[in-house]
There are 2 protein chains.
Amino acid sequence: MDQLKLANQICFPVYAASRLIIREYQPHLDKIGITYPQYLVLLVLWENDGMAVNDIAHKLILNTNTVTPLLKRMETLGLVSRIRSEEDERKVIVRLTAKGSEMKVEAAHIPFSLMADISPDELKMEELLAMKNKLEEWIEFLKRKG
Amino acid sequence: MDQLKLANQICFPVYAASRLIIREYQPHLDKIGITYPQYLVLLVLWENDGMAVNDIAHKLILNTNTVTPLLKRMETLGLVSRIRSEEDERKVIVRLTAKGSEMKVEAAHIPFSLMADISPDELKMEELLAMKNKLEEWIEFLKRKG
DNA sequence: TATATTTGTATCGTGCACGATATAATGAAA
DNA sequence: TTTCATTATATCGTGCACGATACAAATATA
C-alpha cells in the first residue's frame with residue numbers, strides 16, 4: 001500500500017460517509033420540514049433550552065457565522081426565538097417555541113428509523129459504537145489543536 | 001437512555017470529523033490555491049486523466065449538479081479543460097491542463113503533512129486504518145441502498 | 001422509421017460552511 | 001476614568017451540496 005496516500009485514504013471516507021448519512025436523514029427530516037443542521041440545533045435545545053448563539057455553535061463545532069443565519073431561518077420557521085440577554089447585551093439567547101418543543105415528539109422515531117436504515121447486517125452495533133468512540137477521540141484531538 | 005441527545009447520535013461524530021479534517025487540509029490547500037473538493041477532483045484525474053463528468057461524480061459520490069460547477073471553477077483556474085466528446089456528444093471529457101498536472105508536485109507533501117497534523121499519538125495508525133475499513137464497508141452499504 | 005425511454009450534462013434555487021470583516025458591549029489596565 | 005483588549009454576534013462574499021427541472025443525444029421499442 002502507498003503510505004503517502006494514507007491521509008487521503010482515511011479522510012475521504014469520513015467526508016463521503018458524512019454526506020451519505022445526511023442523505024439518509026433527509027427523507028425523515030423532510031416530513032417535519034427541517035434540515036440536518038437544524039435538527040442538530042433542536043437536539044441541543046431539547047437537551048438544554050435557552051442557550052446563547054456561541055454555546056450552540058460550540059456544541060456543534062460550527063462557527064458562529066454559520067449558526068447565526070441558521071438560527072434566523074429557524075426563527076422564520078417558528079421553531080426558536082432569539083432574544084438579546086439583559087444581563088449581557090452581547091449575548092442572544094435562543095429558546096424553543098411551543099412548535100420547536102413539540103417537534104420533539106414528531107422526531108422521536110428518527111434515531112430508531114435511522115438505525116434501521118443505516119446499520120447494515122455486516123456492521124454490528126458494537127462495531128458502530130466502537131467507531132463512534134474512536135471518532136470522538138479523534139474529534140477531541142482535532143478540536144484541541146484547532 | 002434518551003435517543004434524542006446529541007451525545008447519543010452516531011452520525012454527528014462523522015459529520016463533525018469531516019468538517020474538522022477539511023479544516024486541517026485548508027491551510028495546505030490555500031498555499032496552492034484550491035479547495036478540498038477541488039483537491040479530490042485532482043486526485044481522481046492524477047490517477048486517471050480524461051474522465052467524463054459523470055465518472056468523476058461517481059468516484060467522489062457527488063451529484064453531477066455539484067460537480068459541473070466545481071469543474072467550471074477549476075477550468076477558470078486553468079487546472080482542467082472540459083471538451084465535449086466526439087463519440088458521444090452527451091459526454092464532456094475533463095482533462096488536466098499542464099498547470100493541473102504540475103500541481104501534483106506541489107501537492108505531493110500534503111498527505112505527509114496531514115498525517116502529522118491529524119494523527120494523534122493516542123490513535124495508532126492501525127486504529128485509523130481499522131476505522132477507514134469500517135467506514136468504507138459502511139459507505140458501500142449506503143451507496144447500494146441509496 | 002417514428003416514438004418513447006434512458007443517459008449525460010447543465011441550470012436554478014435554497015441552505016449550509018467558513019474566512020474576513022464590522023460593531024457594540026464588556027472587562028481589564030493604565 | 002480613559003484607553004485598550006476581549007467577547008458575542010452579525011454581515012458579506014465564495015464555494016460547495018443537493019433537489020427539482022430542463023434538454024439534447026443516444027438507445028430501445030413499436
Side-chain angles (χ1 to χ4, degrees), chain A residues 12 15-31 33-41 51-77 79-80 82-94 146, chain B residues 12 15-31 33-41 51-77 79-80 82-94 146:
Chain A
F12 175 72
Y15 161 74
S18 172
R19 286 184 294 98
L20 285 169
I21 295 167
I22 292 175
R23 284 186 198 174
E24 293 295 327
Y25 268 99
Q26 212 50 64
H28 299 285
L29 297 174
D30 281 346
K31 287 178 190 163
I34 59 175
T35 66
Y36 182 69
Q38 289 168 13
Y39 172 68
L40 293 180
V41 170
M51 292 176 75
V53 174
N54 215 18
D55 298 331
I56 296 172
H58 189 254
K59 271 274 189 190
L60 301 180
I61 320 177
L62 286 167
N63 297 329
T64 58
N65 57 356
T66 297
V67 173
T68 292
L70 175 55
L71 291 171
K72 283 188 164 185
R73 284 187 289 271
M74 294 180 73
E75 188 181 35
T76 304
L77 290 171
L79 297 172
V80 300
R82 295 162 54 253
I83 297 169
R84 202 160 281 274
S85 167
E86 301 222 336
E87 305 101 63
D88 186 341
E89 291 197 14
R90 293 171 301 180
K91 293 187 181 180
V92 168
I93 305 300
V94 182
Chain B
F12 175 70
Y15 161 76
S18 172
R19 286 184 294 98
L20 285 169
I21 295 168
I22 291 176
R23 285 185 197 174
E24 293 295 328
Y25 269 99
Q26 211 51 62
H28 299 286
L29 297 175
D30 281 348
K31 288 178 190 164
I34 60 175
T35 65
Y36 183 69
Q38 290 169 12
Y39 173 66
L40 293 179
V41 170
M51 293 177 74
V53 174
N54 215 18
D55 297 332
I56 296 173
H58 189 253
K59 271 274 189 190
L60 300 181
I61 321 178
L62 286 166
N63 296 331
T64 58
N65 57 358
T66 297
V67 173
T68 291
L70 176 55
L71 291 171
K72 283 188 164 186
R73 284 186 290 271
M74 293 180 74
E75 189 181 35
T76 303
L77 290 171
L79 298 171
V80 299
R82 295 162 55 253
I83 297 170
R84 202 159 279 274
S85 167
E86 300 221 338
E87 305 100 63
D88 186 341
E89 291 197 13
R90 292 171 302 181
K91 294 187 180 178
V92 168
I93 306 300
V94 182

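Bear in mind that the values here come from a model prediction, so they are computed numbers and not experimental data. A note on names: the letters A, B, ... follow the listed sequences, proteins ahead of strands, and every chain is numbered from 1.
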Atom pairs under 3.5 Å: protein N/O with N/O of nucleotides 20-25 of chain C:
unit_1: C/dA20; atom_1: N6; unit_2: A/Asn65; atom_2: ND2; d: 3.0

Round to the nearest Å and state the distance from A/Ile61 atom CD1 to C/dC18 atom P.
10 Å

On DNA chain D, check which nucleotide each of B/Pro37 and A/Val92 is closest to and give me the residue with the more 5' one.
A/Val92

Hey, does A/Leu79 have a side-chain heavy atom less than 4.5 Å from the side chain of A/Ile34?
yes

Rounded to whole Å, NZ of B/Lys91 lies from P of C/dT6 at a distance of 18 Å

So what does B/Gln26 hit on the nucleic acid, given a heavy-atom distance under 4.0 Å: a base, only sugar-phosphate, or nothing?
nothing

Whole-Å distance, A/Lys72 NZ to D/dA10 C1', equals 7 Å

What is the separation between atom CZ on A/Arg23 and atom C1' on C/dG15, rounded to the nearest whole Å?
16 Å

Do B/Arg23's NZ or CZ and the ring of B/Tyr25 fall within the cation-pi criteria of under 6.0 Å and 45°?
no

Separation of A/Asn63 atom CG from D/dT11 atom P, in whole Å?
16 Å

Whichever of B/Asp30 and A/Leu70 has the more 5' nearest nucleotide on DNA chain C, that residue is A/Leu70

Just to be sure I understand the rule, does A/Thr64 reach a base, reach only the sugar-phosphate, or reach nothing, if contact means heavy atoms closer than 4.0 Å?
base

Using a 4.5 Å cut-off on heavy atoms from C-beta on, say whether the side chain of A/Met51 contacts that of A/Ile56.
yes

Contact class for B/Thr35 vs. all strands (heavy atom < 4.0 Å): base, sugar-phosphate, or nothing?
sugar-phosphate

Rounded to whole angstrom units, what separation is found between the CG atom of A/Asn54 and the C1' atom of D/dA10?
12 Å

If every non-hydrogen atom of B/Glu89 is compared with every non-hydrogen atom of B/Glu86, which pair is closest and at what distance?
CG-O, 4.1 Å

Is there a side-chain polar atom (N or O) of B/Thr66 under 4.0 Å from OP1 or OP2 of D/dA17?
no

Could you check which residues of residues 15-22 of chain B get a heavy atom under 4.0 Å from DNA chain D? Sort them by number, please.
none

With a 4.5 Å limit on heavy-atom distance, are the side chains of A/Ile21 and B/Tyr15 in contact?
no

In this structure, how many angstroms lie between the P atom of C/dC16 and the OH atom of A/Tyr39, rounded?
16 Å

Under 3.5 Å, which donor-acceptor pairs link side chains of residues 66-77 of chain B to any protein atom two or more places apart or in another chain?
unit_1: B/Thr68; atom_1: OG1; unit_2: B/Thr64; atom_2: O; d: 3.1
unit_1: B/Glu75; atom_1: OE1; unit_2: B/Arg82; atom_2: NH1; d: 2.8
unit_1: B/Thr76; atom_1: OG1; unit_2: B/Lys72; atom_2: O; d: 3.0

Run through B/Arg84, B/Arg90, B/Lys91 and flag the one making a side chain to side chain donor-acceptor pair (under 3.5 Å) with B/Asp88.
B/Arg90

Interatomic distance, A/Arg73 CZ vs C/dG13 P [rounded to whole Å]
17 Å

With side chains defined as the heavy atoms from C-beta onward, is the minimum distance between B/Arg19 and A/Leu62 less than 4.5 Å?
yes

Using side-chain heavy atoms (C-beta onward) and a distance below 4.5 Å, is A/Tyr36 in contact with A/Leu29?
yes

